[in-house]
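Written below as C-alpha cells is the structure these notes are about.
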Amino acid sequence: MIEELSISGVGGIREASLLFDGEFIVITGESGSGKSSLVRALEFISGKRAQLNYIHTQEESCEVQAVISSENIAGLEERYQPQEKSLIARRSFSRSGKGKCSLQGQSVPLALLSHAMEPNVVIQSQFAQLGLLEPARQLELVDSCGGEGLKKALSELDTAFAAAVAAEKRIIALKKRRKEAEERYEEAPAVIRQVKALELRAESEEQWNKELREIESGEASLRAMRLLAEKMNAPENGLLDQLERAGKSIYDSARGKDERWRAAVEKMLGGAQQLSSLLAAECRGSAEPEAAEEAKERLEKKIGALRRIKRTLNLPNAAAVLEYAAEAEKELEWLKNSREELERLESEAQELRRETAKLAMEVRAKRKESAAALAASVNGHLNELGMEYATFNIEIEPLDKVRATGAENVSFTLALPDQKPLPVGKNASGGELSRILIALQLSAGDDKLPGTLVFDEVEAGLGGKTALLAGCKLRQLSRRCRTVLITHQATIAAMADQHFVVKRDGENTEISEVAGKEREREIARMLSGDENSYEALEHAKALLENGGGEVR
C-alpha cells in the first residue's frame, strides 16, 4: 500500500507531500480546488499514459514519487523487488515529451512500472462502475470468489486447453507438410523407377550424348566407305575397271619404252586393288547396321527419357534429377511413416478435447457455485446500502466452444420491483451502479484487492442515509485494504481515520492533513459551505464524535 506520496508540478500542484497512515483516508476540498490533480498524480505514478497538460503551467516538468509497502511482486527481477517490504517508484515527464521511470532508483520501462504498481494501487473514478458492464471484468469477479477449487480447475483447464491447441497446431502443420510433400513429389514414384531403370549417374547425360555422337559418326564413315567400295567395284565402269582399262592403254602405249612405265602401271593397279580390298574388309568388319541402330535407339530413348524428366520437374541436369530422386525417396518414406504420426496426433487431440470439455464442465459447476455465493454476498451488502428493493443476480451463459477460460460467459443482472432481470447497465441508475461496485469490492476475494484502493467520488449521486451507508461500507472495506476516498460527503469524511484537504491558492493547489479544530472546520464547510457557522461546527463535532454516524 502507498505510505508516502510526493508530487511536483502535476496539474495545479507545484509541491505536495502526503504521508498515509490511516486505513480509511478521505481527501476533501471545494470544487475546482485541485482534487483532480491529486488523482492525476496517482494515475501518473500508476503507469497511465502521460500528457503535456499534466504539467503545471509554470513548470517545465512534473514528477511523482511513491513509497509503497509491498510483498515481492511476481515477474520483477530481484533488483527491482521491495527491500524490507519497501518499494520506491518514481516517474517524471517533461514538456519535450521525454519521460523517465524508476524502481528502487533504477531506470525501468513504463510497462514495468505499471506492472509493479498494479497489485499496489488501483484507482476507481466515478465512472469505474462502467467496468461492471464488461463481460471479462464480470467473469474475473466471479472467479475471484471461487476459492482454491475454482482456481485449480481453471489452471487445469488452461493447461489442457493449451495442450489441445498445441496438438491441433501440430496436426495442421503435419497435414500442411504432407500436402506440400504430396504435391512436390507427385511424380516422384515414376521418376524414381525411371532413374533406377536408366541407371542414371550425374555424368550419364554427357556420356550418352558422346556415345550417340560416336555411333552417328561411325555410321556416316561406314556409309562413305560403302559408297567408295561400290564406286570402286562396280561391274560396269567402276573405278577399278576404269583404272584397269587406263592401265592397259598406258601399258600398250608404253610397250617397248622404259621399263619404268610398266612398273608404274602395275604399281597403280596393285594399289587400287589393295585399296579395294581394304574398303571391302572395313565394310565387312564393321558392326551390323541393325546392332548399331539398336544401340543408337537405346541411347536416344535414354536421352529422351531424361529430357522428359527434366522438363517435368523443371530441373537443369542429371545431377539435379538424382538429388530430387534421393530427396523424394526420403520424403516418400516420411509420408508413409507420418500417417501413423498423424493418426497418433489425432487420437491425442481427441483425448485432449474430451479432457478439456470435462474440465470445462467442472469449471462451469464451480463457477455457478461461486456466482451464487458472490450474488448472495452482493445482495447482502446492497440490502445494507439501502437497495433492499433490488435483487442482484449472476447468470451463467453456456457457449458452444470451449475457451482457455471456460465455456461460458457471465452476465450481471439486476431485478427491480415488478420488473424482469436485466443487465445492470440497462436497469441500474448511476447511484445504484456505485453501490453495486462497492458491494462487489466488499465481496471480491482478498487476492483481487490492491494494497491501496482509491475511489474518486464513487459515491457521487448518493446522499442522506444512502451516502452514510456507502461510507460505512467503504470503512468496512478499508479493513481489508487501504482505502482512499475523494469525496464531497461530510458524513463519509467524518468516518475517516485520516483526512487531507485540498485548497487552491492562486495558481497553486496545496494539500494538507487536517485534524482537531481544522478538521471540524472542514466538515462544517462541507455541511453548510461556511466553516465558521456555529450550527455547522456543532454538527461537524457530533459527526466526528460519532464517526460520521456509523453504527458501531
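This one's a predicted model, so the numbers in the text were calculated from it and none came from an experiment. One-based numbering along the sequence shown.
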Any donor-acceptor N or O pair under 3.5 Å, side chains Ser443, Ser377: yes
No-hydrogen, no-angle side-chain donor-acceptor test under 3.5 Å, Arg40 and Asn53: no
Above 12 or not: heavy atoms from other molecules or residues under 6.0 Å from [atom1] of [X]?
{"X": "Glu266", "atom1": "CD", "value": "yes"}
{"X": "Gln274", "atom1": "CD", "value": "no"}
{"X": "Glu118", "atom1": "CD", "value": "no"}

Within a strict 4.5 Å, meaning less than it, do heavy atoms of the [X] and [Y] side chains meet?
{"X": "Arg367", "Y": "Leu139", "value": "yes"}
{"X": "Leu42", "Y": "Leu5", "value": "yes"}
{"X": "Ser221", "Y": "Met225", "value": "yes"}
{"X": "Ile394", "Y": "Leu374", "value": "yes"}
{"X": "Leu440", "Y": "Phe412", "value": "yes"}
{"X": "Lys100", "Y": "Arg91", "value": "no"}
{"X": "Glu63", "Y": "Arg90", "value": "yes"}
{"X": "Val121", "Y": "Ile123", "value": "yes"}

Lys302, Lys310, Arg307 screened by salt bridge (Lys or Arg N to Asp or Glu O under 4.0 Å) with Glu205, the one that passes: Lys310
Matching residue for Glu182 among Arg178, Arg184, Lys179 - test: salt bridge (Lys or Arg N to Asp or Glu O under 4.0 Å): Arg178
Look up atom [atom1] in [X] and atom [atom2] in [Y], then write down how far apart they are to the nearest 0.5 Å.
{"X": "Glu199", "Y": "Arg201", "atom1": "CD", "atom2": "CZ", "result": "6.5 Å"}
{"X": "Lys301", "Y": "Leu198", "atom1": "NZ", "atom2": "CG", "result": "12.0 Å"}
{"X": "Phe161", "Y": "Thr356", "atom1": "CZ", "atom2": "OG1", "result": "7.5 Å"}
{"X": "Leu113", "Y": "His115", "atom1": "CG", "atom2": "NE2", "result": "11.0 Å"}
{"X": "Arg79", "Y": "Gln104", "atom1": "CZ", "atom2": "CD", "result": "12.0 Å"}

If the threshold is 4.0 Å, N to carboxylate O, is there a salt bridge linking [X] and [Y]?
{"X": "Glu348", "Y": "Arg344", "answer": "yes"}
{"X": "Glu3", "Y": "Arg482", "answer": "yes"}
{"X": "Lys248", "Y": "Glu244", "answer": "no"}
{"X": "Glu346", "Y": "Lys175", "answer": "yes"}

Is there a donor-acceptor pair under 3.5 Å between the side chain of [X] and the backbone N or O of [Y]?
{"X": "Arg364", "Y": "Ala407", "answer": "yes"}
{"X": "Ser276", "Y": "Ala272", "answer": "no"}
{"X": "Asn427", "Y": "Pro423", "answer": "no"}

Glu351 vs Arg354, salt bridge (charged side-chain N to carboxylate O under 4.0 Å, His left out): CA-CA, chis, key distance, verdict: CA-CA 5 Å; Glu351 181 59 33; Arg354 283 196 292 264; 2.7 Å; yes
Tyr54-Phe93 aromatic ring centre distance below 6.0 Å: no
Chi angles and distances behind the salt bridge (charged side-chain N to carboxylate O under 4.0 Å, His left out) call for Glu343, Arg339: CA-CA 6 Å; Glu343 290 174 0; Arg339 288 194 190 96; over 6 Å; no
Row check, Trp208 ring normal vs Arg213 NZ/CZ: under 6.0 Å, within 45°: no
Step-by-step salt bridge (charged side-chain N to carboxylate O under 4.0 Å, His left out) determination, Lys336 to Glu331: CA-CA 8 Å; Lys336 178 182 176 182; Glu331 286 296 298; over 6 Å; no
